[in-house]
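Remember, it's 1-based here, ligands and their atoms both numbered in the order they're listed.
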Amino acid sequence: MNTKGLGKAGGVLLVGLMLSGCRGTISEKPPIHPNMNMDQQPRVEAQEVNNFFEDGRAMRQPVEGTVARGFRKSDAAYYEGVDENGDWISETPVELTRALLYRGQERYNVYCTPCHGITGDGQGIIMTGQYGYVPAPTFHQDRLREAPDGEIYSAIYNGVRNMPSYAHQVPVEDRWAIVSYIRALQASQNVSEEDIANYDIDLDELKAEFSAVAEAEAEFEAAKEAQSADVEATADLGKEIITQYACGACHNVTGDPGGIGPTWKNLFGSEAEVVTEDGSRTTVTKDADYIIESTVYPEAKKTAGYENSVMVAYDYLAEHELQSIVEYIKTLSDN
Ligand code: HEC
Ligand code: HEC
């Protein structure tokens with residue numbers, strides 16, 4: 001054998017040894033770790049007990065007042081929509097630009113239209129009935145026109161009563177963009193004739209268009225009423241309507257006083273104090289007329305104790321539907 005042959009044989013043997021070394025040899029010892037870096041050192045695991053601390057926990061809370069880097073939100077007006085006294089700020093703290101409004105429109109259309117509708121009239125897709133969500137109010141009412149910007153911001157940031165917060169979906173700058181866009185929507189739906197005179201718009205043509213719409217609506221209402229006359233009002237139908245419009249989000253039937261609206265248990269036939277629109281207080285008997293009025297025009301008489309809470313007007317319900325709600329509420333009274 002020459003030396004060349006020896007070398008070859010040695011190579012084959014080495015490869016053989018290496019392969020067999022990897023197979024089947026199980027060891028309990030930690031693997032050889034030539035360069036330790038800082039891979040192994042004393043440390044505590046998450047949730048581990050550590051008796052060094054009084055509470056026995058290894059995981060420590062950050063020192064009180066600690067703020068993660070880049071997360072200091074000291075500007076309350078910008079981040080929360082409130083001033084130093086905690087009152088809602090009246091005006092958006094970001095500069096109003098065309099770009100901001102367009103951004104607001106785009107974000108509004110993504111996140112708010114399903115419930116509030118494309119023009120902010122509260123006629124979003126949830127109102128097609130099959131979804132059973134609490135109806136969202138229209139933005140075109142004095143209460144929300146006069147609400148400070150901070151309050152609109154707060155609806156997005158904190159949520160409001162039945163509306164969840166959208167803070168996770170909508171970052172701060174976009175919230176203000178949406179607030180500004182809602183202001184634009186409100187302005188667009190509440191224009192005086194003098195304002196229109198400043199634009200190149202034919203007022204007569206516009207009025208004709210509006211009266212055509214009003215006529216069509218009146219026809220629709222009349223047809224609905226005619227149809228309504230043929231349908232019998234029943235408690236079962238009432239219960240269905242209440243489920244469809246999610247009245248239960250604010251009214252319970254158990255007598256629990258803790259809801260957003262008053263309980264319906266023993267409501268029918270009861271006597272109670274209400275606050276009327278001009279702020280005076282009277283005592284009323286809660287009969288069918290009262291229940292219907294409270295449903296179609298909640299502002300008329302507000303139950304004492306709930307005068308600061310809000311209910312959307314269900315003025316689009318047909319007569320037989322309203323009567324059915326009354327029939328259902330009647331079944332919840334013991335007397
Ligand atoms: C899933 C449906 C839904 C979506 C989406 C939604 N809202 Fe609402 N919103 C509601 C409902 C329901 C109410 C009424 C809550 C109540 O009175 O209990 C409401 C109320 C409001 C109010 C009135 C607050 C008040 O004081 O009465 C504002 C303002 C508002 N929403 C803004 C927004 C904005 C802005 C968005 C988009 C970022 C949005 N909402 C998305 C359902 C929704
Ligand atoms: C967003 C919450 C909310 C929803 C949803 C709601 N209500 Fe109300 N409702 C209230 C509040 C708050 C009051 C008390 C203040 C008032 O009278 O406006 C009230 C009062 C009433 C009253 C008078 C109760 C009393 O004790 O005098 C009736 C009747 C009523 N609602 C019917 C309905 C019907 C029917 C529906 C569904 C079609 C409905 N409500 C949906 C909040 C709500």
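Shown are Gln323, Glu321, His320; of these, the side-chain hydrogen bond (donor to acceptor under 3.5 Å, both in side chains) with Ser228 is made only by His320.
In summary, the atoms of ligand 2 found under 4.0 Å from a heavy atom of Thr303, numbered by their order in the structure, are 17 (O), 24 (C), 25 (C), 26 (O), 27 (O). Heavy-atom proximity to Ile182, at under 4.0 Å, picks out these atoms of ligand 1: 35 (C). Residue contact check: Val134 has heavy atoms under 4.0 Å from atoms 5 (C) of ligand 2. Those atoms of ligand 2 with a heavy atom of Ile325 less than 4.0 angstrom away are 35 (C). Atom numbering of ligand 2 starts at 1 in the shown order; those under 4.0 Å from a heavy atom of Tyr306 are 14 (C), 15 (C). Residue contact check: Lys301 has heavy atoms under 4.0 Å from atoms 17 (O) of ligand 2. Against a heavy-atom cut-off of under 4.0 Å, Ile260 is close to the following atoms of ligand 2: 12 (C). Ligand 2 places these atoms under 4.0 Å from at least one heavy atom of Ser309: 12 (C).
The shortest separation from a heavy atom of Ile126 to ligand 1 is not under 4.0 Å, leaving the residue out of contact. Heavy atoms of Glu299 stay at 4.0 angstrom or farther from ligand 2. The closest approach between a heavy atom of Thr263 and any atom of ligand 2 is not below 4.0 Å. Residue-ligand proximity: Tyr108 is placed with every non-hydrogen atom at 4.0 Å or more from ligand 1. Taking a 4.0 Å cut-off on heavy atoms, Arg107 fails to register as neighbouring ligand 1. At least one heavy atom of Pro135 sits closer than 4.0 Å to an atom of ligand 1.
Here the heavy atom of the protein found nearest to atom 26 (O) of ligand 1 is Arg143 NH1, 3.3 Å. Of all protein heavy atoms, the one lying nearest to atom 5 (C) of ligand 1 is Tyr166 OH, 2.9 Å. Scanning the protein for heavy atoms near atom 16 (C) of ligand 1, the closest one is Arg161 NE, 3.4 Å. For atom 41 (C) of ligand 2, the nearest non-hydrogen atom of the protein is Tyr314 OH, 3.4 Å. Considering only non-hydrogen protein atoms, atom 32 (C) of ligand 2 sits nearest to Trp264 CZ2, 3.5 Å. Of all protein heavy atoms, the one closest to atom 27 (O) of ligand 2 is Tyr290 OH, 2.4 Å.
Using a 4.5 Å cut-off on side-chain heavy atoms (C-beta onward), Cys247 and Trp264 make contact. Taking the side chain as every heavy atom from C-beta outward, Lys286 and Glu271 never approach each other to under 4.5 Å. Looking at heavy atoms from C-beta onward, Leu267 lies out of side-chain contact with Leu332 at the 4.5 angstrom threshold. In this structure the side chain of Trp176 reaches within 4.5 angstrom of the side chain of Tyr78, judged on heavy atoms. Side-chain contact between Ile325 and Ile242: present, with at least one pair of heavy atoms (C-beta onward) separated by less than 4.5 Å.
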Q.
Is there a salt bridge (charged side-chain N to carboxylate O under 4.0 Å, His left out) between Asp256 and Lys265? Walk through the geometry before answering.
A. CA-CA 8 Å; Asp256 180 358; Lys265 178 88 188 146; over 6 Å; no
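Side chains of Asp278 and Ser280: a donor on one and an acceptor on the other come within 3.5 Å. A donor-acceptor contact closer than 3.5 angstrom is absent between the side chains of Asn109 and Thr113. For the 3.5 Å distance criterion, the side chains of Thr263 and Asn252 qualify, holding a donor opposite an acceptor.
Protein N/O/S atoms closer than 2.8 Å to atom 8 (Fe) of ligand 2: His251 NE2, Met311 SD. Take a cut-off of 2.8 Å around atom 8 (Fe) of ligand 1: the protein N, O or S atoms inside it are His116 NE2, Met163 SD.
Here the straight-line distance linking atom CD1 of Ile178 with atom CZ of Arg103 works out to 8.5 Å at 0.5 Å rounding.
Inclusion of Lys286 in the set of residues having an N or O under 3.5 Å from an N or O of ligand 2 is warranted. Annotation: Asn162 places no N or O atom under 3.5 Å from an N or O atom of ligand 2; distance criterion only.
At a threshold of 4.0 Å, the pair Glu299-Lys301 does not count as salt-bridged, since none of the basic side-chain nitrogens sits closer than that to a carboxylate oxygen. Using a cutoff of 4.0 Å between basic side-chain nitrogens and carboxylate oxygens, Asp204 and Lys207 are not scored as salt-bridged. Using a 4.0 Å cut-off between charged nitrogen and carboxylate oxygen, Glu91 and Arg183 do not count as a salt-bridge pair.
For Ala77, the side chain to side chain contact (heavy atoms under 4.5 Å, CB included) partners two or more places apart in sequence, or in a different chain, are Asp75, Ile89.
Judged as a ring-ring contact (aromatic ring centres under 6.0 Å, His included), the pairs with a partner in residues 94-117 (not counting sequence neighbours) are, in order, Tyr108-Tyr181, His116-Phe139.
By the 6.0 Å contact criterion, CZ on Arg60 is enclosed, its count of non-hydrogen atoms from other residues, nucleotides or ligands being greater than 12.
Counting heavy atoms closer than 4.0 Å to ligand 2, residue Leu267 contributes side-chain atoms (C-beta onward) but none from N, CA, C or O.
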